[in-house]
Protein chains: 2
Amino acid sequence: MAKRQLIMEKAIELFAKQGIESTSVQQITELCGISKGAFYLSFKSKDELIVSIIDDFIKKITSDIDRVVNSPKNVQEKLYDFYLSSFKLLQDHREFAKMFIKEQLHTVNQALLNRINYYEQLTNQAMLRLLDELYGEKIKENKYDLLISMRGLTESYSKLFFTINVPLNLPLLARALVEKTNLLANHTSIVFLNENLVQQIKHPSTDYITITKIIQEIDRLKKIVTNQLESESLDILKNQLQNDVPTHAIILGLLQNIKNNEDCKWLVFMVEQYLNNK
Amino acid sequence: MAKRQLIMEKAIELFAKQGIESTSVQQITELCGISKGAFYLSFKSKDELIVSIIDDFIKKITSDIDRVVNSPKNVQEKLYDFYLSSFKLLQDHREFAKMFIKEQLHTVNQALLNRINYYEQLTNQAMLRLLDELYGEKIKENKYDLLISMRGLTESYSKLFFTINVPLNLPLLARALVEKTNLLANHTSIVFLNENLVQQIKHPSTDYITITKIIQEIDRLKKIVTNQLESESLDILKNQLQNDVPTHAIILGLLQNIKNNEDCKWLVFMVEQYLNNK
DNA sequence: TATAATAATGACTAATCGGTCAATTGTCAA
DNA sequence: TTGACAATTGACCGATTAGTCATTATTATA
């Protein structure tokens, strides 16, 4: 399993430098110091490697944003946290982000594209909830404009990460964007994005998360989680979810037990989404 | 020469759909209805095709923005024009824009990347001049933040062009972004980008435009310009520029003669830049 | 119409790609 | 030390790529 991790890391390195298509499996295996055959013991294909890398990371982003939005802090602080954690994630995974920005990924797997789109819609929903909480009725008309603007600002500043080679003052950046967001939210009068234009952004296919997928994720985690409490919680969680009458209180409690483990964040997010949409 | 144009158009079509790397020369020639050999009569290599396509378009963007910024209109109108012409350009060249967004082009030619970077810096300069004119001393501190924000907003809304399939109300969009720009310019207090962070954005390598390149461009245009006045102006312009003591007044007058020809815009821009930097 | 000049063709090459699998090496219980 | 089993290797495969060039078709000229 460590081999798999090694391959993914080295692959991200090369993908970031050269692009995905221009990086051959040969190059990856050479950088890892393994043979080509060994690569195909860990991954069925080059495509599976790409999907794994991106899937892993998107899960991290999505659950991170969701955690921020659902935190018990006051809303202004949440907005700050949203920006800060977005940029932190970027800084901590520079290489991946570089690769992700470099490729627009229209070349690869259609299924992967759908998934990316789905995750994007989920983060949009989370951001909209945050905006609702922050400004309420006041931005009813222009919340989609605000969403697009926030995305634009975030992306634009994100690019600086790759062109400027000094460590950035992330808290300051987050505060600057909070100010801009508040400005745009409170004083914008011209609405561009009407409901009509927004259908695509608004309605994600909410039936994407199924109980089967959750169980799969639990089984995957069972193999890598070492902590006793967490492992036990996973077992009970699996039983509860497969139960005909699952008890929400128990499930939510179990989620609390595992939510601090980085690997479990995606599972926590999925279960929460699943419960919300029932 | 028409063949060259055909190839470029069809290539853009395929590049936009499949990405540059995944599009083979074979596919391009098939779509054009010509043979593979014929392709290599028009282009030395696939790389030259890519460079030509991108170079052509970047010249168009750069000279367009410059034209807006240097127009005699009042400044608020210029800002509106800036946004409007940016989006118009995008709408008129959807396929190219799609391709440009899709690939981040780090795969190809390093020389091309340098050139893209150079053009980007030129547009930055033009935008900064516009901002200076608009807000003067007031945004001295945060003009770079404003620049980055404007770029972010533009890009973010640009993406809608490819996800939403209804024709967009561009004048409204331009007005909306003018409002946002004014808001950010007039009420932002937190400055993130200080002079220190901004070196890369600020100092383009200004020696890029040389008299040799200008002469080359004139020679190129001589072959395609049909209008009598324009053709004559090009001849005189060439003589003037090679003259030991070129007369600015004459040169500027000659530029007036050709500035309305789409093909000549880049030449006009280069000469202006050249004169400014002397 | 005959001849020269030019334009266009597509079979071909060498290189590289993702992916396979017989052969080899490493591990560990008996 | 042996032998059974698992892990690992890299030569090899078919497919595809960018680019070439001897040959053929077309056009211009005399």
Side-chain angles (χ1 to χ4, degrees), chain A residues 1-55 99 102-113 223-224, chain B residues 1-55 99 102-113 223-224:
Chain A
M1 192 53 69
K3 184 75 59 65
R4 219 181 125 93
Q5 200 58 40
L6 173 72
I7 292 172
M8 285 172 79
E9 274 167 28
K10 298 297 184 188
I12 288 173
E13 217 175 298
L14 288 173
F15 288 163
K17 209 184 298 167
Q18 320 171 340
I20 295 178
E21 289 230 28
S22 315
T23 302
S24 65
V25 174
Q26 189 91 40
Q27 286 177 294
I28 297 170
T29 57
E30 273 167 21
L31 191 62
C32 291
I34 62 172
S35 69
K36 212 169 173 186
F39 173 91
Y40 286 94
L41 292 177
S42 293
F43 295 93
K44 274 218 317 283
S45 65
K46 186 184 175 185
D47 243 37
E48 196 202 297
L49 167 66
I50 299 167
V51 170
S52 298
I53 289 174
I54 292 170
D55 217 43
M99 153 191 156
K102 192 161 295 183
E103 314 276 329
Q104 225 55 16
L105 302 166
H106 292 242
T107 312
V108 290
N109 212 307
Q110 181 59 40
L112 179 61
L113 290 184
K223 289 181 203 147
I224 55 177
Chain B
M1 192 55 68
K3 184 76 57 67
R4 218 182 127 93
Q5 199 57 40
L6 173 73
I7 292 172
M8 285 172 78
E9 275 167 28
K10 298 297 185 189
I12 289 173
E13 215 176 299
L14 288 173
F15 288 163
K17 210 184 297 166
Q18 318 171 343
I20 294 178
E21 289 230 25
S22 316
T23 302
S24 65
V25 173
Q26 189 92 41
Q27 285 177 294
I28 296 170
T29 58
E30 271 167 21
L31 192 61
C32 291
I34 61 172
S35 69
K36 210 168 176 189
F39 173 92
Y40 285 95
L41 292 176
S42 293
F43 295 94
K44 275 219 314 284
S45 65
K46 185 185 176 185
D47 242 37
E48 196 201 295
L49 167 67
I50 300 168
V51 170
S52 298
I53 289 175
I54 292 169
D55 217 43
M99 153 191 156
K102 191 163 295 184
E103 313 278 329
Q104 222 58 14
L105 302 166
H106 292 242
T107 311
V108 291
N109 213 306
Q110 180 59 40
L112 178 61
L113 291 185
K223 291 182 201 145
I224 55 177

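Computation of the quantities below employed the complete heavy-atom set of this structure, encompassing side-chain atoms and omitting hydrogens, waters and symmetry-equivalent molecules. Residue numbers start from 1 in every chain, and the chains themselves are labelled A, B, ... in the order their sequence lines are given, proteins ahead of strands.
- Note on the helix from C:dT1-D:dA30 to C:dA30-D:dT1: terminal axis deviation equals 10°, with five pairs used at each end and the result rounded to 10°.
- Between B:S42 and B:E48 the shortest heavy-atom distance is O-OE2, 4.2 Å.
- Contact footprint of chain A on DNA chain D: nucleotides with an atom under 4.0 Å from a non-hydrogen protein atom, first to last in 5' to 3' order, D:dT8 to D:dG10.
- Residues A:I50 and A:D47 form a side-chain contact, since some pair of their non-hydrogen atoms from C-beta on lies under 4.5 Å apart.
- When the side-chain contact (heavy atoms from CB on, under 4.5 Å) test is applied to A:T23, the partners found at least two apart in sequence or on another chain are A:L14, A:F15, A:Q18, A:Q27, A:I28.
- The residue B:S42 sits apart from the nucleic acid: no heavy atom pair falls under 4.0 Å.
- Note on A:T29: nothing from the nucleic acid sits closer than 4.0 angstrom, heavy atoms only.
- For A:Y40, the ring-ring contact (aromatic ring centres under 6.0 Å, His included) criterion is met by no residue, not counting sequence neighbours.
- A:T29 contributes atom OG1, which lies 9.0 Å from atom CG of A:L31 (distance to the nearest 0.5 angstrom).
- Listed by chain and residue number, B:R4 satisfy the side-chain hydrogen bond (donor to acceptor under 3.5 Å, both in side chains) test with B:S52 (two or more places apart in sequence, or in another chain).
- Put simply, OG on A:S35 and CD on A:Q26 are 10.0 Å apart, with the number rounded to the nearest 0.5 Å.
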Q. What is the per-nucleotide protein-contact pattern of nucleotides 7-16 of chain C, from the 5' end, where B denotes a base atom under 4.0 Å from a protein heavy atom, S denotes such proximity for sugar-phosphate atoms only, and - denotes neither?
A. -BBB------
**Q.** side-chain contact (heavy atoms from CB on, under 4.5 Å) evaluation trace for A:L49 with A:V25
**A.** CA-CA 10 Å; A:L49 167 66; A:V25 174; over 6 Å; no
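- Between the SG atom in B:C32 and the CD1 atom in B:I7 there is a gap of 5.5 Å [rounded to 0.5 Å].
- Closest heavy-atom contact between B:I20 and B:K46: O-NZ, 3.2 Å.
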